There are 2 protein chains.
Amino acid sequence: MKFFKVPEPTIMRLSLYSRILEQMEDRGVPIISSVELGDAVGINSGVVRKDLSMFGEFGVRGVGYNVRELRDNIRKLLGQDRNWPVIIVGAGHLGSSLAAYPGFQQRGFDVVAMVDTDPEKIGTQVIERPVVSWEEAEILIKEHGVRMAILAVPVDAVQSVAQQLTDLGVEAILNFSPIILKGPSHVQVQNVDLTVYFDLMRFTQNLNTNGLRPQATTVRGIAFR
Amino acid sequence: MKFFKVPEPTIMRLSLYSRILEQMEDRGVPIISSVELGDAVGINSGVVRKDLSMFGEFGVRGVGYNVRELRDNIRKLLGQDRNWPVIIVGAGHLGSSLAAYPGFQQRGFDVVAMVDTDPEKIGTQVIERPVVSWEEAEILIKEHGVRMAILAVPVDAVQSVAQQLTDLGVEAILNFSPIILKGPSHVQVQNVDLTVYFDLMRFTQNLNTNGLRPQATTVRGIAFR
DNA sequence: TAGATTGTTAATCGATTAACAATC
DNA sequence: TAGATTGTTAATCGATTAACAATC
């Protein structure tokens, strides 16, 4: 078995490259240089080359990268070329907006269902997705081989829902609740805490207010200005 | 004028500390150690102490940190003690779910309005927030001194909406659309691209699928397992 | 060949970790 | 005083940046 050590910033940038390349492909651009790709995502061209070189030699010296070829390679790396069934837990505002996310289907995710405990919601459809009970969810998870779940439930329900999901064999949980979810080590938990971003913005604004000027910083390797 | 250089991971962790301290305060816990606080957010106690020491000496050696005191200090640092009027642009699913976000009001943000161009929506209320036109938005922005905006509009509208906001004097934009927004240098733009997180999860799952096991990594300084 | 751009190496930077003196 | 925990320093680690040889 081979061991991999890919810096997280690299993976996140691959995701950005992927979208830019998609756009280029749509526009019929055949070749792209690391400088152009870097500019598009707001980073240095060296980073682009370094990131890509971790996975192979995709470019041609003196020429650049074949857009379609590179796109296909990155898609494969990120698993965007396969179909990933996911379930969304919580059919509230956030859950619904995630279900409605256009990039979702488009990028290889397939929301098989939304789980909720509210009897009023169960049996209905939200954004053309069936809202189901946990009993039905269990069946669907087995049936579709669901391995990824998205959590958009109230804070106090997070931990028990995560347990439930783990018991049902889910291997990856993307948690949007503002709480740090801890799962067993074999389950990949990714906490995305939106309040952190609000606080991040406000911190800077607050410094400005106080007559202080923070130095430019970077966010997750993505330059912002 | 004083110059500040605060690592971004530190700011994000301050946000996490803030919430944990809020919970402790609610539970009536008077004192907390860096070890306890570190455990609660899943990091090493040394990081906690280092982060806090950037802003002052908040603890007592041999004892720990006074929960209420530390909470108040961090609130002040992050600007959570003041009221920040914000507007949300885009009254669709994502915009609505952000408006519904309970932590919003609670943590010092005040959504004064939601802006939309759909005549069907203008004049209605979403989550008790008025949906207004750009003309009305302009008035409200001036009236409330709005400096922060949240973007939840379709991809193709992002750049022009950002321009509009900048023209109206908005200084900070939190962009949720999966596009890298570039604003003028005096405007703070924070791109939060949810698709990046999906890809991040999937990348790991994809490696697992291929029989590879990625090493444990960290996300934005927050350990996950 | 001349020009361009990759892939890669070495230097730099910054954040995390480990360790411990200070001190309650 | 003994035990505990902070604030801080030095060592480590890892990512970014700069530079350039390889090569189309």
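FYI, side chains are in, hydrogens and waters are out, and symmetry mates aren't considered; it's all heavy atoms of this structure. As the structure is a computational prediction, the values presented were derived from the model and not from experiment. Reminder, nothing fancy here: chain letters follow the sequence lines and each chain counts from 1.
Rounded to a whole Å, the CD atom of B/E8 is 14 Å from the P atom of C/dG14. Between the CE atom of A/M54 and the C1' atom of C/dG7 there is a distance of 13 Å, rounded to whole Å. A straight line from CG of A/D39 to P of C/dT5 spans 12 Å, rounded to a whole angstrom. C/dC13 atom P lies 15 Å from atom CG of A/N44, rounded to whole Å. In this entry the distance linking CG of B/L52 with P of C/dT16 reads 14 Å, nearest Å. The nearest whole Å value for the distance from the CG atom in B/D51 to the P atom in D/dG7 is 12 Å. As rounded to whole Å, 7 Å separates atom P of D/dG14 from atom NZ of A/K5.
Each side-chain hydrogen bond (donor to acceptor under 3.5 Å, both in side chains) pair with one or both residues in residues 53-66 of chain A, not counting sequence neighbours, would appear here, but there are none. Every pair passing salt bridge (Lys or Arg N to Asp or Glu O under 4.0 Å) that includes a residue from residues 146-166 of chain A is listed here, sequence neighbours excluded: A/R147-A/E171.
Helical stems in DNA chain C, defined as runs of 3 or more consecutive Watson-Crick or G-U wobble pairs with donor-acceptor distances under 3.5 Å: C:3-24 with D:3-24.
Taking the side chain to side chain contact (heavy atoms under 4.5 Å, CB included) definition, one finds that A/A40 meets it with A/I20, sequence neighbours left out. Every residue two or more places apart in sequence or in another chain that forms a side chain to side chain contact (heavy atoms under 4.5 Å, CB included) with A/P178 is listed here: A/V155, A/D193, A/T195, B/R19, B/Y101. Applying the ring-ring contact (aromatic ring centres under 6.0 Å, His included) test to A/Y17 and every residue at least two apart in sequence or in another chain returns nothing. Here A/S45 pairs with A/S34, A/V35, A/R49 under the side chain to side chain contact (heavy atoms under 4.5 Å, CB included) rule; sequence neighbours left out. The ring-ring contact (aromatic ring centres under 6.0 Å, His included) check on B/F176 picks up nothing, with sequence neighbours excluded. With sequence neighbours excluded, the residues that form a salt bridge (charged side-chain N to carboxylate O under 4.0 Å, His left out) with A/R68 are A/E25.
Taking 4.0 angstrom as the limit, B/R49 places none of its side-chain polar atoms (N or O) nearer than this to OP1 or OP2 of C/dT16.
Contacts with DNA chain C (heavy atom under 4.0 Å) in residues 27-38 of chain A: A/S33, A/S34, listed by number. If you check residues 64-71 of chain A against DNA chain C, the residues with a heavy atom closer than 4.0 Å are A/G64, A/Y65, listed by number.
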Could you tabulate the donor-acceptor pairs under 3.5 Å formed by side-chain atoms of residues 161-169 of chain B, not counting sequence neighbours?
from, atom 1, to, atom 2, distance (Å)
B/Q163, NE2, B/D167, OD1, 3.0
B/T166, OG1, B/A162, O, 2.7

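Counting only heavy atoms from C-beta on, B/R61 has its side chain closest to C/dC24 among C/dA15, D/dT16, C/dC24. Closest to the side chain of A/K50, out of C/dA15, C/dA10, D/dT8, is C/dA10.
Taking for each of A/V60 and A/G46 the nucleotide of DNA chain D with the nearest heavy atom, the 5'-most of the two is the partner of A/G46.
The backbone N or O of A/S177 sits less than 3.5 Å from a side-chain atom of A/N175, completing a donor-acceptor pair.
Each of B/I88, B/V111, B/V89 was checked for a side-chain contact (heavy atoms from CB on, under 4.5 Å) with B/I150, and the lone residue meeting it is B/I88.
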